[in-house]
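Here the structure comes first, spelled out in structure tokens, and everything after it is commentary.
Protein chains get the first letters and strands the later ones, always in sequence-line order, with residue 1 at the start of each.
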Protein chains: 2
Amino acid sequence: MARIDDIDKQILDVLIENTRTPFTDIAKRLNISAGTVHVRVKKMEESGIIKGSSLTVDYEQLGYTFIAYIGVFLEKTSQTQFVISRIKEIPFVTVAHITTGKFNIFCKIRAQDTTHAKKIIFMLDDIDGVSRTETMISLEESINDKKRLLHKVFQDL
Amino acid sequence: MARIDDIDKQILDVLIENTRTPFTDIAKRLNISAGTVHVRVKKMEESGIIKGSSLTVDYEQLGYTFIAYIGVFLEKTSQTQFVISRIKEIPFVTVAHITTGKFNIFCKIRAQDTTHAKKIIFMLDDIDGVSRTETMISLEESINDKKRLLHKVFQDL
DNA sequence: GGTGAAACTTCTAATAA
DNA sequence: TTATTAGAAGTTTCACC
């Protein structure tokens, strides 16, 4: 586990909430200099704790209103890596995990509508080695918050 | 669906890749002025297409090596909102959806280890109205890329 | 390690096209 | 709508604690 102190955690907390918070603002809040914030962020970037930054976009407004989770059953687990490599070619699959339990592979897809989703699911079903899939359609995204983790956790640890 | 043109999409593309890309850089790439980039970003913020920005953090390095998906079965679907509100109190649940299909609610958790995960799962099981849960442990996060969506999709549309 | 100030870069808003 | 521009704001470096 990476060595980061309480100040680093507080900096991360602020930046996870909003990447564009000026270092001068963070410095004021934490009673340190902007230079210090700069140096610490740079170190966390170098050590890989900070991997990058991304915009949070409203996909619904862009026409992507459909979210589903899809469990994938394989004929043999030895085909896992091959199937994963094929799944990577489908852009609308935004998350995929190799899992224990019911399914061999577990995916999340984001699509425009049910017609679009159907095409994606058929593409998954068509991959060699996939025996069948099971779809769970999201009726409501009730929680989606990476931020939850850090805020709380850093208090608990 | 929001009205955004090709230039807006290209700006989003760059910023999704790296929120801190200077507007002057984006301007050069797209052969427009930095002022234009500024105005367009501001409009997309106002219209809500851009919801915010977040750091991408390496949770493994911070000691969170355990990811699992948990399907929740309810005694009655009328308890859904109550159960969701209780799940929101557990910080390690980073995603939750109300779903059709096998499960009533579907969660993603991130924990430090199996002991920590056990506590979270027991908390979920203990919520009034939850009849049982089914856990799928992630052995490997093979795909996790919101960027995939925009890049490709914008070409297809 | 951290600071504070200088030098440099980027952002923003107003004006003009 | 877009471009230009000048002043404000933010970032980065560095000599010095």
Side-chain angles (χ1 to χ4, degrees), chain A residues 1-58 61-63 146-147 150-151 153-155 157, chain B residues 1-63 146-147 150-151 153-155 157:
Chain A
M1 174 156 167
R3 269 280 161 53
I4 63 170
D5 66 11
D6 197 57
I7 298 200
D8 290 324
K9 289 174 187 173
Q10 290 184 63
I11 293 172
L12 280 183
D13 236 14
V14 175
L15 290 177
I16 284 172
E17 199 74 36
N18 176 9
T19 316
R20 286 199 179 261
T21 313
F23 290 1
T24 45
D25 273 24
I26 301 175
K28 268 181 224 156
R29 286 200 226 177
L30 307 186
N31 277 314
I32 52 178
S33 76
T36 303
V37 177
H38 176 240
V39 170
R40 282 166 175 270
V41 168
K42 205 164 186 179
K43 274 190 191 156
M44 289 192 281
E45 281 170 350
E46 280 161 6
S47 72
I49 290 178
I50 294 176
K51 292 201 282 189
S53 61
S54 183
L55 272 200
T56 311
V57 169
D58 186 337
Q61 276 205 50
L62 293 174
K146 298 178 297 179
K147 295 162 198 165
L150 279 206
H151 283 301
V153 164
F154 280 170
Q155 288 165 22
L157 286 182
Chain B
M1 174 157 167
R3 269 283 158 53
I4 63 169
D5 66 12
D6 197 57
I7 299 201
D8 290 325
K9 289 174 188 173
Q10 289 183 63
I11 293 172
L12 280 183
D13 236 13
V14 175
L15 290 177
I16 284 171
E17 199 74 36
N18 177 9
T19 315
R20 286 198 180 262
T21 312
F23 289 1
T24 45
D25 274 23
I26 300 175
K28 267 182 223 158
R29 286 199 227 178
L30 307 187
N31 277 314
I32 52 177
S33 75
T36 303
V37 177
H38 174 240
V39 170
R40 281 166 175 271
V41 168
K42 202 164 187 179
K43 273 188 191 160
M44 290 193 281
E45 281 170 350
E46 281 161 5
S47 72
I49 290 178
I50 295 176
K51 291 200 284 189
S53 61
S54 183
L55 272 200
T56 312
V57 170
D58 186 338
Y59 291 105
E60 303 231 339
Q61 276 204 51
L62 293 175
K146 299 179 296 181
K147 295 162 197 165
L150 279 207
H151 284 301
V153 164
F154 280 168
Q155 289 164 23
L157 285 182

Can you identify which nucleotide, out of [options], has its nearest atom closest to the [X] side chain?
X: His38(A); options: dT12(D), dC11(C), dT4(D); value: dT12(D)
X: Ile32(B); options: dT12(D), dA3(D), dT2(D); value: dA3(D)
X: Lys42(B); options: dT11(D), dA13(C), dG4(C); value: dA13(C)
X: Lys43(B); options: dT3(C), dT13(D), dT1(D); value: dT1(D)
X: Arg40(A); options: dT12(D), dT10(C), dG2(C); value: dG2(C)
X: Ser33(A); options: dT3(C), dT4(D), dT11(D); value: dT3(C)

Output yes when a side-chain donor or acceptor of Ser53(A) lies under 3.5 Å from a complementary backbone atom of Asn18(B), and no otherwise.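 Such a contact is absent between Ser53(A) side chain and Asn18(B) backbone.
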
Would you classify Thr24(A) as touching base, sugar-phosphate or nothing, given that sugar-phosphate means primed atoms plus P, OP1 and OP2, and contacts are heavy atoms under 4.0 Å?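 Contact class for Thr24(A): base.
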
Show the nearest heavy-atom pair for residues Leu15(B) and Thr21(B), with the distance to one decimal.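 Residues Leu15(B) and Thr21(B), closest heavy atoms: CD2-O, 4.2 Å.
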
Over all heavy atoms of both residues, which pair between Lys9(A) and Ile4(A) is shortest? Give the atoms and the distance, please.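 Where Lys9(A) meets Ile4(A) most closely, the heavy atoms are CG-CD1, 3.9 Å.
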
Among Lys42(A), Lys43(A), Arg40(A), which residue satisfies the salt bridge (charged side-chain N to carboxylate O under 4.0 Å, His left out) criterion with Asp8(A)?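 Single pass found, and it is Arg40(A).
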
To the nearest Å, how far apart are [X] [atom1] and [N] [atom2]?
X: Asp25(B); N: dT10(C); atom1: CG; atom2: C1'; value: 10 Å
X: Ile11(A); N: dG1(C); atom1: CD1; atom2: C1'; value: 13 Å
X: Met44(A); N: dG1(C); atom1: CE; atom2: C1'; value: 15 Å
X: Ile4(A); N: dG1(C); atom1: CD1; atom2: P; value: 15 Å
X: Arg20(B); N: dT9(C); atom1: CZ; atom2: P; value: 18 Å
X: Ile26(B); N: dT10(C); atom1: CD1; atom2: P; value: 12 Å
X: Phe23(B); N: dA3(D); atom1: CZ; atom2: P; value: 16 Å

Mind checking whether Glu45(B) and Val41(B) have side chains closer than 4.5 Å, heavy atoms only?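 With C-beta onward as the side chain, the pair touches.
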
Which is more 5' along DNA chain D, the nucleotide nearest Lys28(A) or the one nearest Asp5(B)? Just name the residue.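 Checking each residue's closest nucleotide, the 5'-ward one belongs to Asp5(B).
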
Mapping Thr36(A) and Thr21(B) to their closest nucleotides on DNA chain C, which lands nearer the 5' end?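 That would be Thr36(A).
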
